Asks: 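Please find one structure pasted underneath; my questions will follow.
In listed order, ligands and their atoms are each counted from 1. Computed from a predicted structure; not experimentally measured.
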Amino acid sequence: VEERILKKLSEIVESASIFTSKEELLCHSCDATRRSSLPEVVVLPESAEQVAAIAKLCTEEGVPLTPRGAGTGLSGGAIPLSGGVSLSLIRMNKIREIVSEDLYVVVEAGVVTEELKKTVEAASLFYPPDPTSLKSSTIGGNIGTSARGLRSLKYGGTRNYLMGLEIVLPTGDVMKTGARTVKSVAGYDLTRLICGSEGTLAIVTSAILKLLPLPEHRVTILAAYPTLEKAAEASHNVISHGSTPSILEIMDSLTVELISRNIALPPGVEGRSLVLAETDGFRDAAEKEADRIEKVFSDCGAMFVEKIAEQGAQERMWEARRGVLTALAKLKPVTVLEDVTVPRSRVVEMIRSIAETGRKHELLIATFGHGGEGNLHPTILVDGPISENAPRLEAAVMEIYETALSLGGTLSSEHGIGIEKTSFLKKEIGEFPFETMKRLKDAFDPRGILNPGKLFALDPGSRF
Ligand SMILES: Cc1cc2nc3c(=O)[nH]c(=O)nc-3n(C[C@H](O)[C@H](O)[C@H](O)COP(=O)(O)OP(=O)(O)OC[C@H]3O[C@@H](n4cnc5c(N)ncnc54)[C@H](O)[C@@H]3O)c2cc1C
């Protein structure tokens, strides 16, 4: 970025919001993947007007512009691959309005997900999306990746709570989408087009998010099985018996062992795979549904079943579940986290195939995930260095992708395509949808300055 462009940026935001030091550039060069690429300048705007002026300048000057939230992404979306400007939205962090009687909230893009959830809970309201990164991730990043979370099974993900957006187009035009009403079908659904577009179409500056009344009561149910397949069968049976718990998670024995280092699990659980469920709603209904799930778990041959009613104990259990990735990352220097979903009835086949892949390539794979949604996170754990393991990692990951696709699944369930999976996008969705998406990109971003190198690059190089 030339000096004269830095000067123009300093006419838009105050100089304290522009960073060019090596330290700041490094902090904005990566996300939660292993990749990195330095931006040339980091800018922290505080209003939609400033974002618009920066975008306009970048389009006029042909400078790459990469929107960024907290940088917790797992697909490389916020990495400024082509240098240019890293546009961090974290200073736009105000919760502007909570409209209780109409059940919505208006927030700026940089609000941290957990802060929003806690703030509305204080008013007995509920914002359900809960990616496990919620202590750091931002609403803008959640919209960029269409994040889902533990409670998506019953409540859906970020996409389902968007009523409207304020976005800035790469050309600098500010646009409002959606409405403050429960219903609106006026024209194309631009709100949901932006959701999951990974910062390639527009920059989200604020959002109108739907709220629900806070559930009165929650019950957690835990069941242990001899294998992950059995745990997955039990989780599938819960759904086929007509229950919709708010959460339905599975984890294999290695994952259980790791989280048991952070939380005292009941005796009888060691060495087993787990299913964890949560019911919520009015007290009677949540208790009744929990009893029903407890029975399904027992009928499926559980070696141990426990209902956890005390709120603190429930929260500790879910906190431990949220810590799974960190616990895995502590075990080995290299963790390769995957994100495949298959139809629920094929989960057991997918689990068997992952185990077979591990055996074949002599790789340790821990598998956990949102069993109720058919979404698995097989995580390959290796002793570094990564370069020495690259061929078998590459082969194992390819096998996992191929199996997921052959079972009618997807290889990106909630982490996005970013840089990590660009070579697979066309294969999964097909040539014509791929080209249609590119035409949409051209319509929003005629000079291709917004987050270049994401989604569509056909050969992004090896991940390993
Ligand atoms: C430990 C851990 C657990 C995780 N658990 C989950 C999970 O349960 N579910 C899940 O879905 N994900 C999960 N993730 C992935 C990640 O947290 C989510 O993708 C999250 O939504 C990213 O938010 P962020 O603010 O960190 O965004 P960033 O990583 O900064 O950006 C993500 C993408 O969104 C774009 N973007 C960011 N802000 C904007 C904006 N204002 N306008 C337009 N585009 C924007 C970026 O360009 C990028 O493409 C997890 C990650 C980690 C490290």
Asks: With the threshold set at under 4.0 angstrom, would you say A202 reaches ligand 1 through any of its heavy atoms?
Replies: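 Under 4.0 Å: yes for A202.
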Asks: Charged N to carboxylate O below 4.0 Å: is that the case for E319 and K135?
Replies: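 A salt bridge is present here (some side-chain N lies under 4.0 Å from a carboxylate O).
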Asks: If the contact criterion is a heavy-atom separation under 4.0 Å, does T66 count as touching ligand 1?
Replies: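 For ligand 1, residue contact (heavy atoms, under 4.0 Å) with T66 is absent.
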Asks: Sub-3.5 Å donor-acceptor pair from the side chain of H377 to the main-chain atoms of E338, do we have one?
Replies: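 Yes; at least one donor-acceptor contact below 3.5 Å.
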Asks: Among all protein heavy atoms in this structure, tell me which lies nearest to atom 20 (C) of ligand 1, with the distance rounded to 0.1 Å.
Replies: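 Protein heavy atom with the smallest distance to atom 20 (C) of ligand 1: N142 ND2, 3.6 Å.
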Asks: Hey, does the Lys NZ or Arg CZ of R439 hover above the aromatic six-ring of F444, less than 6.0 Å from the centre and inside 45° of the axis?
Replies: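 No, a cation-pi geometry is absent between R439 and F444.
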Asks: May I ask you to identify the nearest protein heavy atom to atom 4 (C) of ligand 1, giving residue, atom name and distance to one decimal place in Å?
Replies: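 Protein heavy atom at minimum distance: T132 OG1, 3.4 Å.
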Asks: Taking 4.0 angstrom as the limit and counting only heavy atoms of L325, give me the atoms of ligand 1 inside it, by number and element.
Replies: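 So the atoms of ligand 1 that pass are 1 (C), 2 (C).
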Asks: Heavy atoms only, cut-off 4.0 Å: how does A147 contact ligand 1, side chain, backbone, both, or neither?
Replies: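 The answer is both, backbone and side chain.
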Asks: Nearest heavy atom to atom 34 (O) of ligand 1: which of P67, G144, G416 does it belong to?
Replies: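 Checking each option, the heavy atom nearest atom 34 (O) of ligand 1 is found in G144.
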Asks: Measure T326 to ligand 1 on non-hydrogen atoms and call it side chain, backbone, both or neither using the 4.0 Å cut-off.
Replies: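 For T326, there is no contact with ligand 1 at all, from either part.
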Asks: Only heavy atoms count here, so choose which of S413, S146, P129, G77 is nearest to atom 48 (C) of ligand 1.
Replies: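 Closest candidate by heavy-atom distance is G77.
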Asks: Just verifying a value: how many Å separate S206 OG and L165 CG, rounded to the nearest 0.5 Å?
Replies: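 Here the interatomic distance stands at 7.5 Å.
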Asks: To check your reading of the model: name the closest protein heavy atom to atom 19 (O) of ligand 1, its residue, and the distance in Å.
Replies: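 Checking every protein heavy atom, the shortest distance to atom 19 (O) of ligand 1 gives T145 OG1, 3.2 Å.
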Asks: So, R91 and E46, do they make that salt bridge, N to O below 4.0 Å?
Replies: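 So R91 pairs with E46 through a salt bridge.
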Asks: Of the protein's non-hydrogen atoms, which lies at the shortest distance from atom 50 (C) of ligand 1, and what is that distance?
Replies: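 Checking every protein heavy atom, the shortest distance to atom 50 (C) of ligand 1 gives L74 CD1, 3.5 Å.
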Asks: Using a 4.0 Å heavy-atom threshold (strictly under), name the region of D31 that reaches ligand 1: side chain, backbone, both or neither.
Replies: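 It is neither part, as no heavy atom is under 4.0 Å.
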Asks: What protein heavy atom sits nearest atom 49 (O) of ligand 1, and how far off is it?
Replies: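 For atom 49 (O) of ligand 1, the nearest protein heavy atom comes out as E198 O, 3.1 Å.
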Asks: If we ignore angles and hydrogens, is there a donor and acceptor under 3.5 Å between the side chains of T113 and N142?
Replies: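 Yes.
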Asks: For the salt bridge (charged side-chain N to carboxylate O under 4.0 Å, His left out) test, which of E278, E249, E373 pairs with R151?
Replies: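 Answer to the salt bridge (charged side-chain N to carboxylate O under 4.0 Å, His left out) test with R151 among E278, E249, E373: E278.
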Asks: May I ask you to identify the nearest protein heavy atom to atom 10 (C) of ligand 1, giving residue, atom name and distance to one decimal place in Å?
Replies: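 So the nearest neighbour among protein heavy atoms is R148 O, 3.3 Å.
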Asks: So, Y104 versus R180: side-chain donor-acceptor pair below 3.5 Å or not?
Replies: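 The criterion, which ignores hydrogens and geometry beyond distance, is satisfied for R180 and Y104.
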Asks: Of all the atoms in ligand 1, which lie at a distance below 4.0 Å from a heavy atom belonging to G69?
Replies: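 Contacts of ligand 1 toward G69, numbered from 1: 25 (O), 28 (P), 30 (O), 37 (C), 38 (N).
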Asks: Of the side chain and backbone of P131, name the one, both, or neither that has a heavy atom under 4.0 Å from an atom of ligand 1.
Replies: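 It is both parts that get close, each with some atom under 4.0 Å.
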Asks: Counting from 1, what ligand 1 atoms have a heavy atom of A32 closer than 4.0 Å?
Replies: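 Here the atoms of ligand 1 in question are 53 (C).
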Asks: Taking atom 31 (O) of ligand 1 as the point of reference, which of A78, G196, S197, S206 owns the nearest heavy atom?
Replies: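 The residue whose heavy atom sits nearest atom 31 (O) of ligand 1 is A78.
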Asks: With a 4.0 Å cut-off on N to O distance, would you call E428 and K421 a salt bridge?
Replies: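 Result for this pair is no, no salt bridge flagged.
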Asks: For the aromatic rings, using the six-membered ring if either is Trp, is the centroid distance between Y161 and Y155 under 6.0 Å?
Replies: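 Ring-ring flag for Y161/Y155: false, centres at least 6.0 Å apart.
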Asks: Please check if the side chain of R148 supplies one atom and the backbone of P131 the other of a donor-acceptor pair under 3.5 Å.
Replies: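 Not a single qualifying donor-acceptor pair exists.
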Asks: Give yes if a backbone or side-chain nitrogen or oxygen of T138 is under 3.5 Å from a nitrogen or oxygen of ligand 1, and no if not.
Replies: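 Yes - when backbone and side-chain N and O of T138 are compared with those of ligand 1, one distance drops under 3.5 Å.
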Asks: Taking atom types as modelled, find out whether S413 and T341 have a side-chain donor-acceptor pair closer than 3.5 angstrom.
Replies: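 A donor-acceptor contact under 3.5 Å links the two side chains.
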Asks: Consider every N or O of S133 and every N or O of ligand 1, then say whether any pair is closer than 3.5 Å.
Replies: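 Checking ligand 1 against S133, an N or O pair does fall under 3.5 Å apart.
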Asks: Using a 4.0 Å cut-off to any heavy atom of S137, which atoms of ligand 1 qualify?
Replies: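 Result: 20 (C), 23 (O), 25 (O).
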Asks: As an exercise, identify every atom of ligand 1 less than 4.0 angstrom from a heavy atom of N451.
Replies: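 Per the distance check, 47 (O), 49 (O).
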Asks: For atom 27 (O) of ligand 1, grab the closest protein heavy atom and report residue, atom and distance to one decimal in Å.
Replies: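 Here the nearest protein heavy atom works out to G141 CA, 3.4 Å.
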Asks: Is R192 paired with D189 through a side-chain N to carboxylate O contact shorter than 4.0 Å?
Replies: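 Salt bridge: yes.
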Asks: Based purely on interatomic distance, does I203 place a nitrogen or oxygen under 3.5 Å from a nitrogen or oxygen of ligand 1?
Replies: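 Min N/O separation from ligand 1 is not below 3.5 Å for I203.
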Asks: Checking a contact table here: which protein heavy atom is nearest atom 29 (O) of ligand 1, and how many Å away?
Replies: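 It is G73 N, 2.8 Å.
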Asks: Any salt bridge between E60 and K56, counting N to O under 4.0 Å?
Replies: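 Yes, this pair counts.
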Asks: So, is A109 polar-close to ligand 1, with some N/O to N/O distance under 3.5 Å?
Replies: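 So ligand 1 has no N or O lying under 3.5 Å from an N or O of A109.
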Asks: So between T200, T72, I167, V112, whose heavy atom ends up nearest atom 16 (C) of ligand 1?
Replies: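 Residue with the shortest heavy-atom distance to the ligand atom: T72.
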Asks: Does a donor on one side chain and an acceptor on the other come within less than 3.5 Å for S75 and E420?
Replies: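 No donor-acceptor contact under 3.5 Å links the two side chains.
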Asks: Can a donor-acceptor pair be found between the side chains of H370 and E414 at a distance below 3.5 Å?
Replies: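 Indeed, the side chains of H370 and E414 share at least one donor-acceptor pair under 3.5 Å.
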